[in-house]
Amino acid sequence: MTVTKPTGGPVEGYACVEPATVREGDTVTMDVKGVYYRQVNAAVRAAFADGATKVVLNNVNGQRYIGTGVRGKNLSIEVHGTPGQDMAMLMDGPTIEVFGNAQDGVGNTMNAGKVVIHGDAGDVLGYGMRGGKLFIKGDVGYRVGIHMKAFEELRPIVVCGGKARDFFGEYMAGGLLVLLGMSKDAERPLVGGYLGTGMHGGTIYVRGEVESWQCGNEVGVTAATETDLAELSPVLAEYCADLGMDLKEVLSKPFTKLAPLSHRPYGKLYTNL
Amino acid sequence: MPTSLIQPEFRVEIDYNKCHKCGRCVQQCGWGVYSFNERPYPDDSKCRACHRCVTYCPAHCITIKKNDLALRDNANWSPELRKNVWRQAESGGVMLTGMGNDKPYLKIFDHLVLDACQVTNPSIDPLREPMELRTYLGRKPDSVEVEANGEGGYRLKPGSGVENNVKLDTPLIFAPMSYGSVSLNVHKSLAMAAERLGILMNTGEGGLHADLYPYGNNVIVQVASGRFGVSPEYLNRGAAIEIKIGQGAKPGIGGHLPGEKINKEVSTTRMIPQGTDAISPAPHHDIYSIEDLRQLIYSLKEASGYKPVGVKIAAVHNVGAIASGVVRAGADYVYLDGFTGGTGAAPAIIRDHVGIPIEIAIAVVDQRLREEGIRNQASIIAAGSIRSSADMAKAIALGADVVAIGSATLMALGCHLCQGCHTGCCSWGLTTQKPELTRRLDPEWGAERLTNLVHAWSHELQEILGALGVNAVESLRGSRERLRAVGLDKQTCDILGVKPAGL
């Protein structure tokens with residue numbers, strides 16, 4: 001085990017040591033208990049560079065940036081514990097599965113790949129996300145799916161199983177954002193205010209109803225049609241398969257569709273000087 | 001009843017005795033001023049005095065004059081304010097404009113003079129003596145160790161913490177101007193010139209066009225709230241990464257490239273569909289604190305293999321404390337953008353009335369970082385109307401490591417400051433995406449002019465250093481003792497840390 005000195009930044013109570021790793025075939029298992037995030041991420045990148053296709057991280061406790069900037073199609077990371085913020089930021093291809101809750105910023109500016117979270121997740125999920133999938137089983141926080149974009153064949157998909165707070169899909173410019181509201185917390189409202197504010201692309205589906213005061217001025221709210229549900233079903237089928245949920249139950253309630261009224265919501269705001 | 005109360009701002013006069021009736025003016029005008037029926041007829045109301053037609057008229061028969069209407073004198077209600085009221089009463093919109101603040105505020109640079117050496121402390125002849133303009137952008141460690149290089153000299157020990165610094169052959173870089181706000185040929189000119197000069201160009205928030213990938217070592221890639229064109233590939237191409245928080249021309253205001261300017265190429269580079277608005281609000285909605293900023297800085301470092309990450313902020317009140325937070329959050333440089341900085345599009349009311357002068361911001365940031373003992377942890381880039389090598393030298397003496405120039409580079413490429421960038425009709429082919437206009441700028445010609453400009457300023461800076469009796473630009477940095485104020489009040493002098501002339 002080599003001890004490396006971090007080149008800057010605080011250590012925040014973590015040990016600056018390489019994680020203990022075991023390689024079996026193409027799978028590398030690491031115990032990252034108390035290991036500083038920089039060493040964890042360097043070890044993950046090194047394992048992939050060394051030809052491994054799967055990394056299992058045990059005892060994860062708040063280490064940030066897991067999978068951040070990692071590129072490659074057939075790679076996967078299994079996270080046991082609670083990963084820190086900005087997991088899978090700028091990720092391009094790999095799959096991450098979290099057995100636990102996740103914090104803020106999952107899938108920030110993500111290009112491609114898939115993140116499956118078997119618990120709850122925090123704020124700002126999928127910020128500026130351009131492609132790939134983000135499946136969360138439980139509740140999510142504020143500002144989920146904001147600035148989401150689509151481009152050519154890239155189309156981001158975010159499905160949240162539980163309930164959401166304010167600013168869901170704010171400034172959304174593309175992709176698909178789904179809220180199922182199947183939360184253990186029955187008291188909590190389905191979604192907060194400012195839903196789809198400034199939205200100018202993409203589609204939001206909410207399982208259940210939203211009130212007009214909850215929505216931004218830039219979105220049109222309609223009941224989802226059969227055609228809409230036909231588009232949505234394959235995504236939900238994949239979601240249910242990944243998270244062990246019942247597709248029939250998910251589809252048992254009517255969905256509300258939110259789509260932007262214009263691709264140019266602020267087109268008439270300005271005049272030439 | 002007239003449809004508009006606003007009279008033309010300029011008068012286009014053609015001397016038909018000289019006119020060749022060749023129609024060149026009709027072709028050259030991007031604003032659609034001219035129509036042609038046996039001879040050119042100008043529509044004054046469309047003219048922005050960009051002088052493209054004047055420059056290219058083979059007969060030199062076009063004159064553009066200010067249209068001095070006999071509006072009744074009123075010292076309180078200037079003709080401009082009256083026109084603006086009419087404009088807004090007609091349109092109901094926020095007035096957009098391009099380029100920098102054109103109001104006659106006090107220009108502090110013009111009230112600072114550089115000191116010179118005399119008998120006891122002789123000046124240096126830059127024609128004969130070596131004069132060092134090289135500087136390094138990035139975080140420097142608190143101390144470094146050296147080792148023998150085996151040739152009788154010394155070198156920095158490996159792992160000294162300066163490996164990621166970016167070398168600049170002259171303390172000047174090209175300011176961020178996004179592809180979208182300017183044409184691809186402008187970006188190409190900037191990139192080619194930056195490579196030849198050993199400096200950097202900055203993509204702005206519009207992504208990096210694939211044609212510029214070979215120039216990656218001379219490019220700063222920008223990350224703004226809209227995350228346009230930001231991908232792992234993009235981050236890996238750049239020499240450094242910059243998080244844009246604020247802009248001097250419009251502090252607290254975000255970017256908004258209207259859908260009609262998002263053509264195929266811009267759409268590919270920004271990675272957004274054609275024809276939709278590119279909205280990039282001022283707040284990054286994932287940054288609401290210095291701790292959040294730290295998180296973004298380190299996630300970009302993680303994603304890019306620990307490249308230098310800088311943060312661009314606008315010059316505003318309390319900028320010293322803000323910059324201190326930015327440096328403590330792990331930024332390798334702080335980019336300060338001042339009150340008179342240029343822009344592709346901003347609400348005129350914001351551009352002209354919000355923010356503080358760059359001279360003040362440089363002085364207070366440098367002072368604050370020194371007081372906190374963290375000045376070495378980040379470089380300072382100063383921008384916002386650096387108009388000459390004298391402004392560059394004064395900015396460095398006030399505490400900047402490097403200056404950035406934007407408006408001056410566009411002027412080198414032909415810009416006449418007509419302030420119509422936001423319309424996308426630029427006759428000079430700079431701030432437009434119309435193919436018939438953009439092809440007017442040959443990147444090779446542009447790169448040569450930019451190279452000439454920077455060479456000229458660099459020579460002038462060497463002369464200034466010689467006059468000050470120092471032989472390296474890094475010796476001038478933060479050396480406010482070499483500046484004197486003329487006509488500034490005591491409080492301003494105190495904030496700048498500069499004595500009045502005579503003391």
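Keep in mind that the numbers below use all heavy atoms, side chains included, and drop hydrogens, waters and symmetry copies. Letters go in sequence order (proteins before strands), and every chain restarts at 1. Not measured: the values here are computed from a predicted model.
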Under 4.5 Å heavy-atom distance to chain B, tell me which part of [X] shows up: side chain, backbone, both or neither.
{"X": "A:Asp86", "answer": "both"}
{"X": "A:Arg143", "answer": "side chain"}
{"X": "A:Pro265", "answer": "both"}

Within a radius of less than 6.0 Å around [atom1] of [X], do more than 12 heavy atoms belonging to other residues, nucleotides or ligands occur?
{"X": "A:Tyr205", "atom1": "OH", "value": "yes"}
{"X": "B:Ile290", "atom1": "CD1", "value": "yes"}
{"X": "A:Lys73", "atom1": "NZ", "value": "no"}

Q: Kindly write out the residues that satisfy side-chain hydrogen bond (donor to acceptor under 3.5 Å, both in side chains) with A:Asp120, not counting sequence neighbours, or none if the list is empty.
A: none

Among [options], which has the most heavy-atom pairs under 4.5 Å with chain A?
{"options": "B:Gly161, B:Gly226, B:Gly330, B:Ala329", "value": "B:Gly226"}
{"options": "B:Val230, B:Val223, B:Asp277, B:Thr276", "value": "B:Asp277"}
{"options": "B:Gly93, B:Gly92, B:Ala345", "value": "B:Gly93"}
{"options": "B:Ser267, B:Gly98, B:Gly159, B:Pro347", "value": "B:Ser267"}
{"options": "B:Arg139, B:Gln274, B:Glu233, B:Lys83", "value": "B:Glu233"}
{"options": "B:Leu235, B:Ile6, B:Ile272, B:Asn236", "value": "B:Ile272"}

Q: Please round to the nearest 0.5 Å and tell me the distance separating atom CD1 of A:Ile146 and atom NE2 of B:His284.
A: 11.5 Å

Q. Roughly how far, to the nearest 0.5 Å, is CZ of A:Arg71 from OG of B:Ser231?
A. 7.0 Å

Counting heavy-atom pairs under 4.5 Å to chain B, which of [options] comes out on top?
{"options": "A:Leu269, A:Leu154, A:Leu90, A:Asp123", "result": "A:Leu90"}
{"options": "A:Met110, A:Glu152, A:Lys149", "result": "A:Lys149"}
{"options": "A:Asp104, A:Asn41, A:Val70", "result": "A:Asn41"}
{"options": "A:Arg130, A:His147, A:Met89", "result": "A:Arg130"}
{"options": "A:Ala150, A:Gly198, A:Gly128", "result": "A:Ala150"}

Checking heavy atoms, do the side chain of [X], its backbone, both or neither come under 4.5 Å from chain A?
{"X": "B:Gln88", "result": "neither"}
{"X": "B:Ser304", "result": "neither"}
{"X": "B:Tyr288", "result": "side chain"}

Q: State, with a plain yes or no, whether a side-chain heavy atom of B:His285 is found less than 4.5 Å away from one of A:Tyr171.
A: yes

Q. Would you say the side chain of A:Asn111 lies within less than 4.5 Å of the side chain of B:Pro232, judging by non-hydrogen atoms?
A. yes

Q) Given the side-chain rings of B:His422 and A:Tyr270, with only the six-membered ring counted for Trp, is the space between their centroids under 6.0 Å? A) no

**Q.** Minimum-distance pair of heavy atoms, taken over all atoms of A:Thr68 and B:Ser299
**A.** CG2-O, 3.6 Å

Q.
For a quick test of reading the model, state the closest non-hydrogen atom pair linking B:Asp286 to A:Tyr127 and the distance between them.
A. N-CE1, 3.6 Å

Q. Just by distance, with hydrogens left out, do B:Tyr306 and A:Arg38 show a side-chain donor and acceptor under 3.5 Å apart?
A. yes

Q) Is the closest basic N to carboxylate O distance between B:Glu291 and A:Arg64 below 4.0 Å? A) yes

Q) Quick check: does any side chain N or O of A:Tyr65 sit under 3.5 Å from a backbone N or O of B:Lys301, one acting as donor and the other as acceptor? A) no

